[in-house]
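Just follow the structure's listing: the first ligand is 1, and inside any ligand the first atom is 1.
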Amino acid sequence: MTDIHNVVIIGSGPAGLTAAIYTARANLEPLLIEGEPSSTSDQPGGQLMLTTEVENYPGFPEGVMGPDLMLNFKAQAVRFGTEVKQDKVTKLDTSQRPFRIWVGDPEAPEPTYLAHSVIVSTGARSLMLNLPKEHDLIGHGVSTCATCDGFFFRGHTIAVVGGGDSAVEEATFLTKFADSVTLIHRRGELRASKIMQDRAFANEKITMLWDSEVAEIRGDTKLEGISVRNTKTDELSDLAVSGLFVAIGHRPNTDLFKGILDLDENGYIITGPGTATNVDGVFACGDVQDHTYRQAITAAGSGCMAAIDAERWLEANLSPHA
Ligand code: NAP
């Protein structure tokens with residue numbers, strides 16, 4: 001007979017690992033299913049595994065490497081008794097209690113794990129251009145987060161790809177650091193809100209490159225430039241940039257929860273009050289439910305909230321005195 005875990009945490013970025021630290025210290029003996037190594041950002045450790053230096057995580061005045069930070073989070077969670085499994089959840093069934101969780105074959109008759117409560121922290125991933133070298137140069141000139149990396153581009157010439165609110169907001173933000181920002185958009189008009197467009201058009205550091213897409217990313221150990229194709233004429237031109245910010249949208253890792261948890265129109269899990277989802281006993285934290293802030297520190301904060309919410313819920317619903 002499979003043991004029933006008090007709490008199973010799905011996902012191992014800052015949110016999931018913080019939830020693990022807190023639930024472990026509350027003696028709930030959490031099981032954390034961390035995902036499987038892959039080339040995308042839903043890998044163990046989350047998006048910070050794809051970054052280099054993190055300078056804005058409080059407590060590290062000299063900065064810290066993203067992967068080191070996540071290894072420290074994990075060591076802290078394990079120290080207090082978190083059990084970690086390197087597996088990918090393939091099915092969650094909340095129609096009966098305890099909740100049933102599968103890894104591996106989702107058609108297997110019996111679930112792999114049983115849980116009284118579940119914390120979902122599967123994160124989100126940045127959409128990428130899927131060009132050669134793009135992935136390898138993340139943290140070496142290619143970035144998906146202006147808030148995180150803008151500071152490294154003081155005095156540089158950079159480009160931002162995309163035409164939505166994210167791209168226009170990031171381009172405007174990046175002019176605080178960079179000498180010049182080229183906004184590369186595949187069409188002749190932006191999707192971004194009018195007010196953000198006006199702000200960008202009025203910013204003399206921003207140059208628009210309409211009807212254009214990145215055709216090639218150059219550089220071996222760091223970004224050395226890109227080539228851009230005009231989508232109307234097919235003409236190629238070189239752009240000498242030392243930074244390329246890809247801002248073409250994010251996708252929350254919520255395919256697993258469709259039809260189970262309430263999602264908003266962009267696929268993010270709807271939470272509230274606190275980190276509660278529509279299923280009693282299932283909580284969500286981090287980027288999987290936050291498309292606004294998307295920072296390691298805010299994800300960690302909401303992981304703490306989910307742990308406290310789960311602990312209180314277990315106390316109210318499962319304790320012998322409940
Ligand atoms: P988005 O609105 O989906 O825009 C994505 C942009 O990237 C579009 O302009 C799209 O071009 C372009 N794009 C998509 N795939 C591409 C590809 N493979 N190559 C080149 N370009 C590509 O995404 P978002 O800007 O991240 O915004 C997501 C949501 O968050 C929106 O609802 C937005 O309003 C909101 N948001 C709000 C704020 C704010 O209010 N402060 C800030 C950021 C985001 P097309 O236009 O041709 O489709």
E134, CD: over 12 other non-hydrogen atoms inside 6.0 angstrom
yes
Keeping the roles fixed (side chain from S121, backbone from I10), state whether a donor-acceptor pair exists under 3.5 Å.
yes
Is the side chain of T112 donor-acceptor paired with the backbone N or O of V103 at a distance under 3.5 Å, no angle test?
yes
Can you check whether W210 reaches L190 side chain to side chain, under 4.5 Å on heavy atoms?
yes
Can you tell me if K91 uses its side chain to pair, donor with acceptor, with the backbone of P106 under 3.5 Å?
yes
Counting N and O atoms only, with roles assigned by atom type, does the side chain of S126 sit under 3.5 Å from a partner on the main chain of H250, one being a donor and the other an acceptor?
no
Name the residues with a heavy atom less than 4.0 Å from ligand 1?
L129, G162, G163, G164, D165, S166, E169, H185, R186, R187, R191, M196, I248, G249
